[in-house]
Amino acid sequence: MMSTRDFEYKQIAFVFTSKGEKISFKNDNLVVCDGEGTIKHQSTCYRLFLLFICGDSCITSGLLDRASKFGFNIVLMSSNLRITKIIPSKAEGNVLLRKRQYSYDKNDIAAYVISNKIHNQNIQLKKRRQKSEQEKEIIKKLKQYEVKVLENGLTSQEIMGIEGISAKLYFQSLFKDYNWKSRRPRVKHDITNCLLDIGYTILFNVINALLEMYGFDVYVGILHTQFFHRKSLVCDLEEPFRPIIDAALIKAMNLGQINEKDFWKNQEQYILPWKNSAPYIEIFIKAIMEYKNEIFIYIQSYYRAFMREKKIEEYPFFDMEVEI
């Protein structure tokens, strides 16, 4: 099993085949060249954790062999950054873990995870220097919801209801200076939602890769109900970390790094073409990598707590207020 020290050196690589970029290997090194043969990226396979391939591509046996040998995950995406296939490097046969997953029927972990998410959302709002009275009131409400969601006896629907109310207040305050209307996943009715979807997708695959590494059945959630082809557990455990993406995006907006001309609109949906996507992907990857050790330790600690059936207060808590 990978140690925290091992994970410190892990990297995430993006390859844009639509730009003519190509993958090759040299002495167990991954080499990515642009259309003119110039090396764009080179790293040892030992340090590779996630490989995103965007655009049309052919998967070779050599690539699959190295993914298996060195334990990195491959995510295939279309040129508009829609996931088409995930090839995970996962632990097989963790029967005891899956038995525990299939028999778990409580809501305590789910409530704890959502409380953690609301906590980190509130931290982002507190960082604003000049707050209106309305913003101060929203911060107070989120603090109340952070505690309320932990009340005994709440159903999963009630937990989701508190999460939904908190998210609505949070987003309308965080993006109030950028014509925010509502959070509508995958609809992409504005540039902000389009970029949030991209950032959350990258984060989702990091969480998925770590859960697969321990042998979890990622389709069995603790809050999100089981649904055909939905990795509910990944959706659940991504929640406390979503504010990483939110914070990265609002920072980029405030710095003027978002250019509306990079996007085009089709049938009321904003789309980021592949040729303009690299700077935005870099923003989100950089933000995630700043917290990569914390994410790794969280999933590792969650696995240990879940397997040992520990008390809820012994489960991990990701706090963005703590300096990294």
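Small disclaimer: the values here were computed from a predicted structure and weren't measured.
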Subject >> Distance-only side-chain donor-acceptor flag, Y112 / N107, under 3.5 Å >> reply: no

Subject >> Working for side-chain contact (heavy atoms from CB on, under 4.5 Å), residues Q11 and H41 >> reply: CA-CA 11 Å; Q11 298 177 337; H41 172 87; 4.1 Å; yes

Original post:
Checking N122 side chain against L142 main chain: does a donor-acceptor pair fall under 3.5 Å?
Top reply: no

Subject >> Any L195 side-chain heavy atom under 4.5 Å of F263 side chain >> reply: yes

**OP:** Please check if any side-chain donor atom of N254 sits under 3.5 Å from a side-chain acceptor atom of Y178, or the reverse.
**Re:** yes

Original post:
With distance as the sole criterion, is a donor-acceptor pair present between the side chains of S68 and D65 under 3.5 Å?
Top reply: no

Subject >> Distance-only side-chain donor-acceptor flag, Y200 / N205, under 3.5 Å >> reply: no

Original post:
Would you say V149 and E163 make side-chain contact, with heavy atoms under 4.5 Å?
Top reply: no

Original post:
Is there a donor in the side chain of Y315 and an acceptor in the side chain of D108, or the other way round, less than 3.5 Å apart?
Top reply: no

Original post:
Do the side-chain N and O atoms of N193 and D190 include a donor-acceptor pair separated by under 3.5 angstrom?
Top reply: yes

Original post:
Angle class for the F52/F14 ring planes (parallel below 30°, perpendicular above 60°, tilted otherwise)?
Top reply: parallel

Original post:
Are any non-hydrogen side-chain atoms of N152 and L154 less than 4.5 angstrom apart?
Top reply: no

